[in-house]
Amino acid sequence: MRDGMKHSDIAAPLLRWYDAHARVLPWRVSPAERAAGVMPDPYRVWMSEIMLQQTTVAAVKSYFERFTALWPCVTDLANAEDDEVMGEWAGLGYYARARNLLKCARVIRDSYDGHFPQTRAELQSLPGIGPYTSAAIASIAFNQPETVVDGNVERVVSRLFRIETPLPGAKPELTKLAETLTPQDRAGDYAQAMMDLGATICTPKSPDCAPCPLTDSCAAHVVGDAARFPHKTPKKPKPTRHGHAYVARTTRGEWVLEKRPDKGLLGGMLGWPGTHWAQEHATEAPFNAEWDELGDVRHTFTHFHLVLTVHVAEGVTNPPDHYTLREENAFRPSDLPTVMRKAFDLAHAKLEI
DNA sequence: CAATCGTGGGC
DNA sequence: TGCCCAAGATT
C-alpha cells in the first residue's frame, strides 16, 4: 500500500475536502475564487508566509492587516523607514524576519521592477525566503507544482507512511515522500489543503481522524497510532540567565532607550539600557542616576529563561548621548519587543503611583 | 549540522 | 506550572 500510493490517492480526496472546509484567512483566495480564475496578490502571499514562519495564524492576523494597510504594495514597504517597520513588527518575534522583509522588498523594488519572481529558485535567493517559503509562494501565488514541507506536512506525511525516523533527521525522507503526493494541477489549493488538514484535523496531540479525507491511505490510522507520529529527538533543557534593565526618564520626561545592534537577539529593536544577560554577574548601571530597584520580570526565549531585574530613575539630567531619547508622546510601548515591554509595564506602574 | 532566533496559547 | 507547539531561515 505504501509503495503503491498514487497522487490521486491523496490529492483528489484532499482537494475535495478542501473545497468544502478551507479556512477563510485574510491573505487567502478561496477555492471557489481560484476556480473562477482569481489569483492572490504575490505580495500578500509573501507577507503572510514570512509572518507565519513559526508563528500561529491567530498571532499573525492583526499584524498582517496592519502591515498591508500601512504598505499596500511591495514598493510602499520598500520605501518605508527601517524603524517604522521594526516598530510595527514588535511583539511578533523572530525579528530577523522583519529585517529580511525590508531587505527583500528593496531587492524586489530595485532589481525586479516591483514584481516578485515566479520560479522557486529565484524566490529562494531572496532574503528571508528559504525552502518552505519559496515553495509556498510558487505554489500559492503562481500555481506551480512545488511541494511545501512545513510542520503540518511533516506531521501528515509521517502519519500517512508511519515514518519511525525522528525529526529533524527525517526531513529529507518526508520531503521526498511529500513530493510523490503533489499533483500537477491546483498546486496552490493543494499546498493550502495539506496545511489546513494538519492545522485542523491531523493535529499534533490528538488527531481527529473521523472526518479526515485520507484515512483510507493513512498507515498510522490503520494501525491506530497516529498520535505517536512524528517522532522527535528530545530537546535540550533551557538554562536560566539573569540580567538588569534600567528604565529612566529625563527631567524633560523623555524615556532613555537604546537601539540594539542588527545582529543577534532582538536585533534592530528598541530596548532599555542594561547589563549583559548571563548565568551570573554583578549589577552595574549603564550611567549614574538615583536608581530604584523594582523587582523581576520573567521571560522565556527560544533557548533560555531570563530573569530580568528592573531598575527605574526619574529626573535624569545627562544620559550619555549614544542613547535614544523619546518624548512621552513620541513613545509607543508597542514599539518594544515583549520582554522590554514587560520591563516598561513594571516601571511605568511604579512611576505613576 | 547544531545552534540561534520570540512569543502567546493550549493542555 | 512548565512544556509543547506554530505556514522556518540563517549561519
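The sequence lines fix the lettering, A, B, ..., with proteins before strands; numbering per chain opens at 1. This structure is a prediction, so every number in the text was calculated from the model and none was measured.
Distance CG (A:N152) to P (C:dC5): 13 Å, rounded to an integer number of Å. When rounded to the nearest whole Å, the span between OH of A:Y190 and C1' of C:dA7 equals 15 Å. Whole-Å rounding puts the A:M195 CE to C:dA7 C1' distance at 5 Å. To the nearest angstrom, P of C:dC5 lies 19 Å from CG of A:L52. C:dG8 atom C1' lies 15 Å from atom CG of A:L101, rounded to whole Å. The separation between A:I129 atom CD1 and C:dA9 atom C1' is 11 Å, rounded to whole Å. The distance from atom CZ of A:R155 to atom C1' of C:dC4 is 12 Å, rounded to the nearest whole Å. Between A:K235 atom NZ and C:dC3 atom C1' the separation is 8 Å, expressed in whole Å.
In this structure, the ring of A:Y323 has its center less than 6.0 angstrom from the ring center of A:F287. In this structure, A:Y63 has its ring center at least 6.0 angstrom away from the ring center of A:W89. Checked against the 6.0 Å centroid criterion, the rings of A:Y43 and A:W27 do not qualify as a close aromatic pair. You'll find the ring centres of A:H303 and A:F301 outside the 6.0 Å limit.
Below the 3.5 angstrom threshold, one finds a donor paired with an acceptor across the side chain of A:R23 and the base of C:dA7.
Counting any heavy atom pair closer than 4.0 Å across all strands shown, A:P168 reaches no nucleic acid atom. As judged by a 4.0 angstrom heavy-atom cut-off over every strand, A:W46 is placed among residues making no nucleic acid contact. Across all strands, A:I140 comes closer than 4.0 Å to no nucleic acid atom at all (heavy-atom distances).
Set against C:dA6, C:dA7, C:dA9, the side chain of A:K232 has C:dA6 as its closest nucleotide.
Comparing the C1' positions of C:dA6 and B:dC5 gives an interatomic distance of 15 Å, to the nearest angstrom. Spacing between B:dC1 and C:dG8 at atom C1', rounded to whole Å, works out to 16 Å. Atom name P, nucleotides B:dA2 and C:dA7: the rounded distance is 23 Å, in whole Å. Comparing the C1' positions of B:dG6 and C:dC5 gives an interatomic distance of 13 Å, to the nearest angstrom.
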(message) Output one letter per nucleotide in nucleotides 5-11 of chain B: B when a protein non-hydrogen atom lies under 4.0 Å from the base, S when only the sugar-phosphate is that close, - when neither is.
(response) BBBS---
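Annotation: side chain of A:L167 is not in contact with side chain of A:T233 (no heavy-atom distance under 4.5 Å). A heavy-atom distance below 4.5 Å is not found between the side chains of A:E290 and A:H311.
In summary, the side chains of A:R109 and A:T75 do not present any donor paired with an acceptor at a separation below 3.5 Å, with no hydrogens or angles considered. Under 3.5 Å, the side chains of A:Q53 and A:Y132 contain no donor-acceptor pair of N or O atoms.
Along DNA chain C, the nucleotide nearest to A:Q124 and the one nearest to A:G198 differ in position, and the one closer to the 5' end is contacted by A:G198.
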